[in-house]
Novice: 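Following this message is one structure expressed as C-alpha cells.
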Number of protein chains: 2
Amino acid sequence: MTPFDALSTPLARRLRDGLDRICTVMRADQWGVAEESGLNPTQAHVLTFVAGRGATGMRVRSIADHLGVAQPTATDSIGALVRKGLLTKVADPEDARAVAIRVTPAGHDVVRGLGLAITSAERALETLSMKEQSTLLGLVIKTIRALQQAGAIPPQRLCVSCRYFRAYVHDDEDIPHHCALVDAPFGGRHLRLDCPEHEQAEPEALDAAWKVFDRGADDLPMST
Amino acid sequence: MTPFDALSTPLARRLRDGLDRICTVMRADQWGVAEESGLNPTQAHVLTFVAGRGATGMRVRSIADHLGVAQPTATDSIGALVRKGLLTKVADPEDARAVAIRVTPAGHDVVRGLGLAITSAERALETLSMKEQSTLLGLVIKTIRALQQAGAIPPQRLCVSCRYFRAYVHDDEDIPHHCALVDAPFGGRHLRLDCPEHEQAEPEALDAAWKVFDRGADDLPMST
DNA sequence: ACAAAATAAATAGGAGTCCTATTTATTAAA
DNA sequence: TTTAATAAATAGGACTCCTATTTATTTTGT
C-alpha cells in the first residue's frame with residue numbers, strides 16, 4: 001500500500017525519539033528555572049519531590065528511585081541541599097540504619113519560587129487545544145502506567161490508581177469521572193499525576209478501573 | 001460544575017510534569033544503553049546526532065544547540081569522544097575559525113550498536129494501541145513545532161515542515177498524506193521527526209501545510 | 001580599506017552529577 | 001545465632017555543565 005510501512009523506523013521508536021527532543025528542552029528549561037534559586041536541575045527535582053511528599057521525612061532510597069539514579073548519587077545531591085540549608089537529615093525513629101530527610105522552612109520558600117516559573121515546554125503545551133491537551137494527558141498517563149507495570153518507575157499517585165477513582169460513571173461526557181473522596185465529578189482534563197490525597201486501590205479493583213479507563217478513552221460513543 | 005476546574009494545577013503544567021516523569025525514565029534508560037558502549041548519555045547523544053547529519057562535518061555550535069547545552073559543554077563532550085577515537089575534528093575549509101566534526105569508522109560501529117537497544121520507554125509506548133501511538137505522534141509533533149517556533153529548539157527535519165509534504169490529499173483515511181519525494185502516500189503513523197531527505201519548505205507554504213495538518217488531525221470527518 | 005562588532009571555538013576554574021565498588025551499621029531470616 | 005539482606009555513607013574517578021574570558025577570524029559600517 002505504501003512503502004513507508006516497510007522502510008521507516010518503528011512508530012514507538014520515533015515516538016521515543018520525539019519525546020526525547022521534548023526532554024532536551026525540559027532539561028534546558030530546568031537549568032534556567034533552578035539557577036535563579038542557586039540550584040541545578042537535579043537539586044530542584046530532589047527538593048520539590050521531598051517537599052511534595054516528605055512531611056514525615058523521606059528515605060534516601062526512595063529519592064534515588066524517583067530520580068532514576070543510583071543511591072550514592074542521591075546522597076550527593078541531598079548533601080548539596082543540606083549544605084545549602086534547604087534540607088535536613090534526622091535519624092529515622094523506625095529504623096536506625098535510615099535517615100529521614102525533610103525540607104527546611106528556607107527550602108519551602110525555594111520550592112514556592114520554583115513552582116512559579118513557567119517553562120517553554122509548558123508554554124508549548126499550552127498552544128495545543130484543550131481537547132488535544134486532554135487527549136495527550138490520557139496517553140501520558142497510560143504510558144506512565146506501562147512504565148510502572150514494567151518496574152521502570154516507582155508507583156505514581158495517579159487518579160486512575162486511586163481507590164477513590166470511579167471511571168466513566170457520569171453521562172456528562174465533559175466530566176464523566178468521579179472522585180469519591182471529594183465526592184465530585186470531573187473530566188479527563190482534570191486527571192492528576194501526583195495527588196496528595198491518593199490512596200492506592202486494591203489490585204483487582206485497579207485492574208478493573210484501568211479496563212474501564214482504557215475502553216472509555218479510546219472510542220466511547222459520543223453520547224450516553 | 002466541578003470544583004476541579006478551580007482547584008487543580010493547570011492542565012499544561014500537569015502535562016509537563018507527566019512528560020517529566022517519562023523523561024526521567026529515558027535518562028535512566030540512556031545510561032544503560034550508552035554504558036554498554038563505554039559512553040554516557042550525553043556522549044551517546046552527541047555521537048548519534050553527528051552520525052545522523054554530519055557526513056560533511058558538524059560545527060560545535062550546532063551540536064551544543066541540539067543538545068540544549070552551553071557551547072563549552074559541547075566542547076567537553078566532543079573532546080571525550082575524540083579521545084575515545086569515535087569523532088575527529090578537522091579544520092573547516094569554509095571558515096578558519098570553525099572545525100568540522102565527523103564520526104570515525106569506529107564511531108559508526110558504536111552508533112549501530114546504540115541503535116539496536118530497545119529501551120523501557122519504547123516498550124512502554126508499544127503497549128499503546130496503534131491508533132493511540134499515532135495520535136500521540138501527532139501531538140508530539142505539534143509540541144515540537146511550538147518549541148521550534150518559540151526558538152526553544154533548533155529546526156527539526158519534520159515531514160510536516162518539508163517541501164515534499166502534502167497533507168491530507170488522499171481519500172484513504174489510513175494513508176491520507178503524500179510524500180512528493182518518493183511519490184507515495186502515507187499516514188499519520190509514518191510521520192518522521194528527523195528525515196534525512198528533509199528540505200525545508202518556504203515560509204508561506206509551511207504555514208499553509210501546518211494549517212491543513214492542524215485541521216485534519218483534530219476532527220476530520222470519518223470518511224472521504 | 002579599516003576599526004568596530006560579531007562569531008567560532010577553546011580555556012580556565014569550579015561545583016556537582018553520576019557511576020561502581022566497598023564499607024559500616026542495623027534489621028530480618030534461617 | 002550465624003547468615004542474609006537492607007540503609008546509607010565513602011572512596012575514587014570520569015565527565016557534565018556552568019560563567020567568564022581569551023584567541024582567532026569573519027563581517028560590517030563608514
Side-chain angles (χ1 to χ4, degrees), chain A residues 23-24 26-47 50 57-84 86-101, chain B residues 23-47 49-50 57-84 86-101:
Chain A
C23 289
T24 298
M26 301 222 282
R27 287 292 294 178
D29 274 348
Q30 284 162 356
W31 268 102
V33 173
E35 216 167 33
E36 293 168 24
S37 316
L39 305 179
N40 63 38
T42 305
Q43 291 169 11
H45 202 164
V46 169
L47 188 60
V50 179
M58 284 267 89
R59 297 282 179 83
V60 172
R61 180 76 255 161
S62 17
I63 294 172
D65 288 344
H66 180 82
L67 291 189
V69 298
Q71 168 260 310
T73 301
T75 298
D76 277 348
S77 297
I78 292 164
L81 289 164
V82 169
R83 256 178 276 131
K84 291 178 183 178
L86 307 179
L87 288 181
T88 47
K89 280 157 89 166
V90 296
D92 188 310
E94 315 226 309
D95 186 334
R97 295 167 299 183
V99 290
I101 293 151
Chain B
C23 289
T24 299
V25 181
M26 302 222 283
R27 291 282 307 169
D29 275 347
Q30 282 162 358
W31 267 102
V33 173
E35 216 167 34
E36 292 168 24
S37 316
L39 305 179
N40 63 38
T42 305
Q43 291 169 9
H45 203 163
V46 170
L47 189 60
F49 177 58
V50 179
M58 285 263 94
R59 296 284 180 83
V60 172
R61 180 75 257 160
S62 16
I63 294 172
D65 287 344
H66 179 83
L67 291 188
V69 298
Q71 169 259 309
T73 300
T75 298
D76 277 348
S77 297
I78 292 164
L81 289 165
V82 169
R83 259 179 276 129
K84 292 178 183 178
L86 308 178
L87 288 180
T88 47
K89 281 157 88 166
V90 296
D92 188 311
E94 316 226 309
D95 187 334
R97 295 168 300 182
V99 290
I101 293 152

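Just so we're on the same page: letters track the sequence lines, and every chain starts at 1.
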Novice: Nearest to the side chain of B:Glu35, heavy atoms from C-beta on, is which of D:dT16, C:dT26, C:dT20?
Specialist: C:dT20
Novice: In whole angstrom, give the distance that lies between atom CD1 of A:Ile63 and atom C1' of C:dC18.
Specialist: 16 Å
Novice: Are OP1 or OP2 of C:dT17 and a side-chain N or O of A:Thr42 less than 4.0 angstrom apart?
Specialist: no
Novice: Would you indicate, yes or no, if C:dT17 has its OP1 or OP2 atom less than 4.0 angstrom from a side-chain nitrogen or oxygen of A:Ser77?
Specialist: yes
Novice: Could a donor-acceptor pair under 3.5 angstrom be found where the side chain of B:Asp76 meets the base of D:dC15?
Specialist: no
Novice: Rounded to whole angstrom units, what separation is found between the CG atom of B:Asp95 and the P atom of C:dA6?
Specialist: 17 Å
Novice: Set out, in order, the CA-CA distance, both residues' side-chain angles and the distance that settles side-chain contact (heavy atoms from CB on, under 4.5 Å) for A:Gln71 and A:Thr75, then state yes or no.
Specialist: CA-CA 6 Å; A:Gln71 168 260 310; A:Thr75 298; 3.1 Å; yes
Novice: Can you identify which nucleotide, out of C:dC19, D:dA8, D:dC18, has its nearest atom closest to the A:Val60 side chain?
Specialist: D:dA8
Novice: Find the distance between SG (B:Cys23) and NE2 (A:His45) and round it off to the nearest 0.5 Å.
Specialist: 10.0 Å
Novice: Just how far, in rounded Å, is C1' of C:dC19 from CD of B:Gln43?
Specialist: 13 Å
Novice: I need the CE-C1' distance between B:Met58 and C:dA8, as an integer number of Å.
Specialist: 14 Å
Novice: Does the side chain of A:Lys89 get closer than 4.0 angstrom to OP1 or OP2 of D:dA8 through an N or O atom?
Specialist: no
Novice: For the side chain of B:Ala80, counting heavy atoms from C-beta on, which of D:dA7, D:dT16, C:dG16 is nearest?
Specialist: D:dT16
Novice: Can you measure from CD1 (A:Ile63) to CG (A:Leu47) and round to the nearest 0.5 angstrom?
Specialist: 10.0 Å
Novice: Checking B:Lys84 side chain against B:Gly38 main chain: does a donor-acceptor pair fall under 3.5 Å?
Specialist: yes
Novice: Kindly point out which of D:dT19, C:dA6, C:dA9 is positioned nearest to the side chain of B:Pro72?
Specialist: D:dT19
Novice: Among the candidates C:dC18, C:dA8, C:dT26, find the nucleotide nearest to the side-chain atoms of B:Arg59.
Specialist: C:dA8
Novice: Using only side-chain N and O atoms of A:Lys84, determine if any of them is under 4.0 Å from OP1 or OP2 of C:dG16.
Specialist: yes
Novice: Starting at the 5' end of DNA chain C, which residue's closest nucleotide do you reach first, A:Leu67 or A:Ala96?
Specialist: A:Leu67
Novice: Rounded to whole Å, how long is the line connecting atom CG of A:Asp29 with atom C1' of D:dC17?
Specialist: 16 Å
Novice: Using a cut-off of strictly less than 4.0 Å, decide whether A:Thr75 has a side-chain nitrogen or oxygen near OP1 or OP2 of D:dT10.
Specialist: no
Novice: Ignoring backbone atoms, test whether A:Asn40 places a side-chain nitrogen or oxygen under 4.0 Å from the OP1 or OP2 oxygen of C:dA15.
Specialist: no
Novice: Take A:Ala98 and A:Trp31, find for each the nucleotide of DNA chain D with the closest heavy atom, and name the residue whose nucleotide sits nearer the 5' end.
Specialist: A:Ala98
Novice: Working to the nearest 0.5 angstrom, can you tell me the gap between A:Thr88 OG1 and A:Ile101 CD1?
Specialist: 9.0 Å
Novice: Tell me the interatomic distance from B:Gln30, atom CD, to D:dT16, atom P, rounded to whole angstroms.
Specialist: 13 Å
Novice: Does OP1 or OP2 of D:dT6 have a side-chain N or O of A:Gln71 closer than 4.0 Å?
Specialist: no
Novice: Please determine, for the side chain of A:Arg83, which listed nucleotide (C:dC19, D:dT19, C:dG16) has the closest atom?
Specialist: C:dG16
Novice: With the side chain of B:Thr73 defined as its heavy atoms from C-beta on, choose the nearest nucleotide among D:dA20, D:dT16, D:dA11.
Specialist: D:dT16
Novice: Which nucleotide in the list D:dT6, D:dT16, C:dA6 gets nearest to the side chain of A:Arg97?
Specialist: D:dT6
Novice: Indicate yes or no for a side-chain donor-acceptor contact from B:Ser77 to the backbone of B:Ala74 under 3.5 Å, with no hydrogens or angles considered.
Specialist: no
Novice: Please tell me which of the listed nucleotides, C:dT11, C:dC18, D:dT16, lies nearest to the side chain of A:Arg27?
Specialist: C:dC18
Novice: Counting heavy atoms from C-beta on, name the nucleotide in C:dA9, C:dC19, D:dC17 closest to the side chain of A:Ala70.
Specialist: C:dC19
Novice: NA contact type, A:Asp92, heavy-atom cut-off 4.0 Å: base, sugar-phosphate, or nothing?
Specialist: nothing
Novice: Please tell me if the side chains of B:Val46 and B:Leu87 come closer than 4.5 Å, counting only heavy atoms from C-beta onward.
Specialist: yes
Novice: Can you check the A:Ile78 CD1 to C:dT17 P distance for me, whole Å?
Specialist: 11 Å
